[in-house]
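When a ligand or atom number is given, it counts from 1 through the structure's own listing order.
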Amino acid sequence: MEKKEEGVKLLGFWISPFSRRVEMALKLKGVPYQYLEEDLPKKSSLLLELNPVHKKVPVLVHNNKILCESLVILEYIDQTWSNNPILPQDPYQKAMARFWAKFVDEQILPVGFMTLVKAEKSIEVAIEETQELITFLEKEITGKDFFGGKTIGFLDMVAGSMIPFCLARAWECMGIDMISEEKFPGLNRWIKNLNEVEIVRECIPPKEKHIERMNKIIEKTKSA
Ligand SMILES: N[C@@H](CCC(=O)N[C@@H](CS)C(=O)NCC(=O)O)C(=O)O
């Protein structure tokens, strides 16, 4: 029988929420892996060879099989190692977890970072637009410990790597209280719950260093 845990490598970047969520999944499943840190934006020839289509991290290599795109990788991990399921078993719940995960990456990230930093209309309008989107997630989390229910799942990894441990740090750099306890009590409770989970804590980029880097990214994005 194939030893599935053999030869798992992850190419990542320390502040990348997309890399962090894959590490969360590997840790949750207890899969040993070799982590190869990329020096973005100076991409290694290995990254360009493994992900010629997008040239981005994360890339997972499992027994010579190459996987790109974090959401695809999460599903692969879940199906390859069946312990501690990440996606819900129910087909509708599974579809909804995928729906909201796409919403985080395709709506909240661009609006809550690019649109906000550029603030072409005004910073107030950009904040309002971001909060309108976050309100959808507030409704989803209300009454639950995690999006996955009692334990962390797919959407917790996707939204958790992105919102509290990536975007919220950018908002902090900009002096914006985007997800106040008053407006978003459910999400604040969820963030506290996430912080209690050891494998999540292990994957959170160190705050001070992250904030320093985030300030540089914000400046670069503003002037781009
Ligand atoms: N949709 C991709 C996004 C990955 C992504 O944007 N990775 C960034 C790091 S946060 C990257 O590698 N950027 C390099 C580049 O854009 O050239 C995923 O889910 O994996």
Side-chain angles (χ1 to χ4, degrees), residues 8-29 31 33 35-62 65-80 86-87 94 97-118 133 137 147 152-173 200 203-207 209-224:
V8 177
K9 285 194 182 74
L10 173 67
L11 273 75
F13 182 49
W14 68 281
I15 56 167
S16 163
F18 307 103
S19 305
R20 299 282 66 82
R21 62 179 64 151
V22 172
E23 283 211 86
M24 284 178 201
L26 290 170
K27 284 178 190 285
L28 184 81
K29 298 279 185 180
V31 177
Y33 61 96
Y35 179 75
L36 303 170
E37 173 75 357
E38 270 298 310
D39 181 15
L40 294 181
K42 280 180 259 150
K43 295 171 190 176
S44 70
S45 50
L46 181 64
L47 175 63
L48 301 178
E49 182 193 322
L50 296 180
N51 189 358
V53 177
H54 298 298
K55 306 177 178 68
K56 290 181 177 184
V57 292
V59 177
L60 187 86
V61 186
H62 176 221
K65 292 183 286 253
I66 302 154
L67 294 115
C68 304
E69 288 295 305
S70 63
L71 301 186
V72 173
I73 298 173
L74 288 186
E75 294 219 19
Y76 176 83
I77 291 172
D78 201 28
Q79 285 173 18
T80 305
I86 294 174
L87 273 156
K94 192 182 290 189
R98 290 183 179 128
F99 172 87
W100 289 116
K102 273 170 75 74
F103 175 76
V104 169
D105 285 3
E106 294 173 14
Q107 305 281 314
I108 296 188
L109 170 61
V111 175
F113 187 73
M114 207 51 113
T115 310
L116 189 84
V117 171
K118 292 273 185 191
L133 297 177
L137 288 185
F147 289 103
I152 67 162
F154 188 74
L155 186 54
D156 296 287
M157 291 177 188
V158 174
S161 57
M162 185 61 78
I163 298 174
F165 309 121
C166 181
L167 289 177
R169 290 178 175 181
W171 299 328
E172 192 176 324
C173 292
V200 172
C203 294
I204 302 172
K207 188 160 180 190
K209 197 173 149 206
H210 196 178
I211 294 271
E212 201 183 304
R213 188 66 171 249
M214 201 52 104
N215 271 315
K216 288 188 187 143
I217 297 173
I218 290 170
E219 283 319 306
K220 215 172 143 194
T221 308
K222 269 188 195 156
S223 57

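Between atom 10 (S) of ligand 1 and the options Ser16, Pro58, Pro41, the minimum heavy-atom separation is to Ser16.
At the shortest separation from atom 17 (O) of ligand 1 among protein heavy atoms lies Lys43 NZ, 2.4 Å. Scanning all protein heavy atoms for the shortest distance to atom 1 (N) of ligand 1 gives Glu69 OE1, 2.8 Å. In terms of protein heavy-atom proximity, atom 16 (O) of ligand 1 is closest to Lys56 CE, 3.3 Å. Here the protein heavy atom with the shortest distance to atom 18 (C) of ligand 1 is Ser70 N, 3.3 Å. For atom 4 (C) of ligand 1, the nearest non-hydrogen atom of the protein is Val57 O, 3.2 Å.
Between Phe103 and Trp100, the angle of the ring planes goes over 60°, which puts this pair in the perpendicular group of the 30/60° scheme.
Put simply, the side chain of Ser44 never gets that close to the backbone of Glu38: no donor and acceptor are under 3.5 Å apart.
A salt bridge links Glu219 to Lys222: at least one charged side-chain nitrogen sits closer than 4.0 Å to a carboxylate oxygen.
When heavy-atom distances to ligand 1 are checked against a 4.0 Å cut-off, Leu40 comes that close only through its side chain, counted from C-beta outward.
Taking all atoms of both residues into account, the shortest heavy-atom contact from Val117 to Ile218 is CG1-O, 3.7 Å. When all heavy atoms of Tyr35 and Gly12 are compared, the pair lying nearest together is OH-C, 3.1 Å.
For His62 and Tyr76, the ring centers are positioned less than 6.0 Å apart.
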